[in-house]
**Student:** 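The structure follows.
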Amino acid sequence: MSLAEVPSPSPSSSSGSDDFAALLDSELELASGADSAFPDDEGEDDGSEVEVEVEALEQNGTKRRRVEEQHQDQGISVRPDKIVTGSSKNVQVKVCPHPGYFNGLCFRCGKPQDEEDVSGVAFGYIHKGLRLGTTEIDRLRTADLKNLLRERKLVLILDLDHTLINSTRIQDISPAEHELGIRTAATKDDQNRSIFALDSMHMLTKLRPFVREFLKEASNMFEMYIYTMGDKAYAIEIAKLLDPSNVYFPSKVISNSDCTQRHQKGLDVILGAENVAVILDDTEYVWQKHKENLILMERYHYFASSCRQFGFGVRSLSESMQDEREGDGALATVLDVLRRIHAIFFDTAVETDLCLRDVRPVIKVVRKEVLQGCKLVFSRVFPNTARPQEQMMWKMAEQLGAVCSTDVDSTVTHVVAVDMGTEKARWAVGNKKFLVHPRWIEAANYRWQRQPEEEFPLTPPKEKIRRKENAVAGQKGTTIKDKENVVAVVQKETSKDSEENAVPDQKETSEDKEENAFF
Amino acid sequence: MDSLSQPPSKRPLSSSATDFREVSLASPPAADDEGERSKMFFHIVLERNMQLHPRHFGPHLRDKLVSKLIKDVEGTCSGRHGFVVAITGVEDVGKGLIREGTGYVTFPVKYQCVVFRPFKGEILEAVVTMVNKMGFFAEAGPVQIFVSNHLIPDDMEFQSGDVPNYTTSDGSVKIQKESEVRLKIIGTRVDATEIFCIGTIKDDFLGVISDPGAAV
C-alpha cells in the first residue's frame, strides 16, 4: 500500500480511514497550492474568470484553515501569507453572488451553501436539488422572455383536475358507473379512448373532450406548464397521458411539492415572466396573487364521485354515458379566447416594444368584449343594505364590459332580476327590454360569450305574469312552458340541438345544474 | 485484479476503473490531463464489521464472507471516502464475535478497495442527461454534475425545441442530451449515497468530445 509510505500530516495514522482522512487533507493542500501558485497569470483573463478563480482560492483558504485547526501541532510557515493574499484579493474583486445552488453547491463558484442562509426558490420539478436565487430567476426570465417573444409565444399554465381531466379513485366508482363497464373502457386498447386506468395509483382518469386538439393548438402559441395541487407521481402520470411523446411539458410539470406556499399556486416557481403568463384553472382561490392572469374554467365533472364531492346530486356524465361536446365545449371555447389574446398581444399595429407589453390588460380587454354594449340594471339581486358597486355580480358584469346602473332609463338593455314581480322587472317587460336571471352573467363569464337571453328567463311567480311575459317580452316564447328554470333551459337547448345528437343536450343539463349550485 | 467485478454504475466511469494508478502524494500534482484524472481513484484499506448467518459456518466461511462483503460494499457511497468501485482484496479477517440470542457472528474485516472520489480542479468526462435554460446536467458513473450557463462559454447559446441544446453561433459545436463532454470540477459534495459536482466547460480543451448524432 502506497499510502502508508506517504508522509502524512497526522502522525498517528494507523487505520485505513485515518490514512484516507490524511490523504484528503494533503490533497486539499496540494490543490490549494496549485491554485494559489499562479493567481497572477489568471488575472489577465477576462473578468468573470477571475471571479471564479478568486472564489476557488478563497474556499481553499477556509478549508486550509480548518485543516490547520485539526493539526495544530504542524507549523507551516507559508500558509498565513497565502490566506492574506486570498482575502485581500477578495476585497478588490466582486464576490460570487451565488446565483443558485445544486444540492447545496453554488453552481457558479462551486462553494457549499451557507447552512443558515437557505435562500431562493427550490426548482425540484426541473431537477432534484436545484435551487435558484431571485436575481438568477429574474435573469433567466428576462433571457427567456426574448426567446419566447421571438417565437411569438406566451406562457400558459394549465391546471389538471377539473380543467383538463377528471379523475376518480377506483374505490369511488358508483354502482351505475360500474354497470356501464367504465373500468373495461379504461383498459381497452383503443387509440382514441379518453378514459385511462392508472393502476399504480388505483385511479381512473377521463380526459376532457377536445384536450388533445387543445394542447396541439395551444402549443403553437404558448410555452405550456402543468401546475397541479396533486402530488408529483400523479402529475407525472397524467402528463404522460396528455403528452406521450413529452414535447409539450418537458420538465414543466409542477406539483404540490413545488409550491412555495401552502394551498396556493404562484408564478414564482415558473421561469416565465408574469406579464406573458396566462393561467387556466378552475379554482380562483389558489391564485390570490395572480388573479389578473387567470382565466377561470368551468369545472369538468365526469365521474359521479367528482359530482358528489362538489355537492351536485345529479347524475354524472359518466353515469348517463355522455360528455361535453368537442366542438363548443369549455376547452374549445377557451381556445378561441386564447387565440384572441395571442392575436391582440402580438398585434403588429401596436408600436410598443414586445418586451414591454403585458398580457394582463389584454385578458381584460378580451373579457370586456363579452358583454360590450349592454347596460344592466339589477333588481332585488343584492341585499338592500349593501352598496351595489361592491357586489360580486356587479363587478363581474363590469369586467365583462357591461355598463351597470342603479336606475332604469331608455338606454338600459337588460334588467337582471330573480323575481318577476319587482317594479324594474315589470318595467323591462313593458319596455321590451331583456329580463334575465343573474345566471346569464355567470354563464357569459364562464363561456366568454354573450349567451342568448331567452335561455335565462325568470321563474314566473304567477300564471298571469308568465303568460304576459311570453306574450309581451318578445321572446320566442314557444318552448318555455315549465316553471323550473333549469328545465326550461334544457328544453330550449333540446329544441335548438335536436338536429344534433342527443349527447350534448344532457351536457347542458348538468352544466346548468352546476351553475345553479353556485348560487 | 482480474477478478474485479465491474463497477455497478449505469455508465462507464470516464477513466476506466481498471487503469487506476496507486496514488503517490510524494509527487507534486502533475499539470497534464492524465495526472489530474488519475487522482480521483484511490486504493485504500477500509474496515467493516460483517454479520454472518450461522448456516455459513463451514469449509467456505471465508469465501462467503468475501462474497457478502463485495455484495454489501461495492457500488455504495460513503461521504468520507467516496464511491466504492471495487474490492481488490481482503487483508485481514479478525476474530468473530458471537451475538447472543441470534447466533450471528460479527467479523471485523479489513479490505482493500478502489474508491472514486472527484476533487475540485479535476477533469472528468461525463454524459449529458438533461439540457435546459439554466445549464445542463451530466453523469459520470455515480456522480451527478451540473454545469450552469454561467460556466458554459458565452458564445454557446441555449436553443429550446424538441431537443434542447447549447450551440455555438456557427453551429459547429452542440451540447444536447447524450452528448459526451469533458468538464472541470469546481465543487463537490459527497452525500451518504450520492456524489454531486459543479462543473465548468469554460476553459481550454473542455467541452463536447462526441455528440450523439455523429457517433453511429
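Computed from a prediction, not measured in an experiment: that's the story for all the values here. Letters A, B, ... mirror the listed sequences (proteins, then strands); counts begin at 1. Only heavy atoms go into these numbers, but all of them, side chains included; no hydrogens, no water, no symmetry mates.
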**Student:** Considering only heavy atoms, which portion of A/L130 lies under 4.5 Å from any heavy atom of chain B: side chain, backbone, both, or neither?
**Tutor:**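 Contact with chain B: side chain only.
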
**Student:** In terms of the angle between their ring planes, are B/F146 and A/F107 parallel, tilted or perpendicular, with boundaries placed at 30° and 60°?
**Tutor:**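 Plane angle over 60°, so perpendicular.
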
**Student:** Using non-hydrogen atoms only, which part of A/L140 is less than 4.5 Å away from chain B: side chain, backbone, both, or neither?
**Tutor:** side chain

**Student:** Short question: side chain of A/S255, backbone of A/A235 - any donor-acceptor pair under 3.5 Å?
**Tutor:** no

**Student:** Quick check for you: among B/M134, B/Q159, B/Q144, which has the greatest number of heavy-atom pairs under 4.5 Å with chain A?
**Tutor:**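 Highest number of pairs under 4.5 Å: B/M134.
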
**Student:** Identify which part of A/L271 has an atom lying under 4.5 Å from any heavy atom of chain B, answering side chain, backbone, both or neither.
**Tutor:** both

**Student:** Closer than 4.0 angstrom, basic N to acidic O: yes or no for A/D144 and A/K146?
**Tutor:** no

**Student:** Please evaluate residues B/I186 and B/L151 with respect to the criterion side-chain contact (heavy atoms from CB on, under 4.5 Å), reporting the C-alpha separation (whole Å), side-chain torsions for both, the decisive distance (0.1 Å), and the verdict.
**Tutor:** CA-CA 10 Å; B/I186 61 160; B/L151 302 175; 3.5 Å; yes

**Student:** Heavy-atom distance under 4.5 Å to chain A: side chain of B/S160, backbone, both or neither?
**Tutor:**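 Looking at B/S160, just its side chain touches chain A.
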
**Student:** What part of A/P250 gets closer than 4.5 Å to chain B, counting heavy atoms only: side chain, backbone, both or neither?
**Tutor:** neither

**Student:** Which bit of B/F137 is near chain A, if near means a heavy-atom gap under 4.5 Å: side chain, backbone, both or neither?
**Tutor:**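 For B/F137, the side chain is the part near chain A, not the backbone.
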
**Student:** Strictly distance-based, threshold 3.5 Å: is any side-chain N or O of B/Y166 a donor or acceptor partner for the main-chain N or O of B/K133?
**Tutor:**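 Flag set: sc B/Y166 to bb B/K133 pair under 3.5 Å.
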
**Student:** Measure B/N149 against the heavy atoms of chain A and call it side chain, backbone, both or neither at under 4.5 Å.
**Tutor:** side chain

**Student:** Examine whether an atom of A/K128 lies under 4.5 Å from a heavy atom of chain B, and if so say whether it belongs to the side chain, the backbone or both; otherwise answer neither.
**Tutor:**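 Just the side chain, heavy atoms under 4.5 Å.
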
**Student:** Look only at the side chain of A/D243 and the backbone of A/K240, and say whether a donor-acceptor pair between them is shorter than 3.5 Å.
**Tutor:** no

**Student:** Would you mind checking which part of B/I152 comes under 4.5 Å of any heavy atom in chain A, side chain (CB onward), backbone (N, CA, C, O), both or neither?
**Tutor:** neither

**Student:** For the pair A/R131 and A/E136, find out whether any cationic side-chain nitrogen is under 4.0 Å from an anionic carboxylate oxygen.
**Tutor:**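 Salt bridge absent between A/R131 and A/E136.
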
